[in-house]
Amino acid sequence: DVGRLRQVLRLAEEAGFAELQDTYASRALDNPSSYVMVEWPEDLKVVRADGGQEPAVFWAIRELLLDLLAGAEWDE
């Protein structure tokens, strides 16, 4: 849903996603990593977070994007 995606991108902008660190590393080697990439017309930001080390804004945006992807209808 384009409207919901626009709201997630708005949240990313207003919450300062572009100013997050590039990496939130964990000392444990066997933790899963998550990546979130947000692209604006003049900027691109990719953030990696290991094993629950992410800030809340990263978590929220990741979960919202995963929810959008789960409900997406794809053209074949």
With rounding to the nearest 0.5 angstrom, report the [atom1] to [atom2] distance, [X] to [Y].
| X | Y | atom1 | atom2 | value |
| --- | --- | --- | --- | --- |
| Leu68 | Glu63 | CG | CD | 11.5 Å |
| Arg4 | Arg10 | CZ | CZ | 15.0 Å |
| Gln7 | Glu14 | CD | CD | 8.5 Å |
| Glu54 | Ser33 | CD | OG | 10.5 Å |
| Trp40 | Leu9 | CH2 | CG | 8.0 Å |
| Phe58 | Tyr35 | CZ | OH | 9.5 Å |

Response to the item:
Shortest non-hydrogen pair, Asn31 vs Gly51, comes out as CB-CA, 3.6 Å

Practice prompt. Return yes if some donor-acceptor pair links the side-chain N/O of Thr23 with the main-chain N/O of Ala25 below 3.5 Å, else return no.
Written response: no

Worksheet entry | Backbone of Leu20 reached by a side-chain donor or acceptor of Lys45 within 3.5 Å | yes

Practice prompt. Evaluate side chain to side chain contact (heavy atoms under 4.5 Å, CB included) for Leu5 paired with Leu65, printing each intermediate quantity in order.
Written response: CA-CA 8 Å; Leu5 178 59; Leu65 289 172; 4.1 Å; yes

Discussion item. I want to check something: taking the side chain as every heavy atom from C-beta on, are Leu44 and Met37 in contact at a cut-off of under 4.5 Å?
Written reply: yes

Worksheet item: Val36 and side chain to side chain contact (heavy atoms under 4.5 Å, CB included): which partner among Ile61, Leu64, Val57?
Response: Ile61

Worksheet item: Below 4.0 angstrom, N of the basic side chain to O of the carboxylate: do Arg48 and Asp50 qualify?
Response: yes

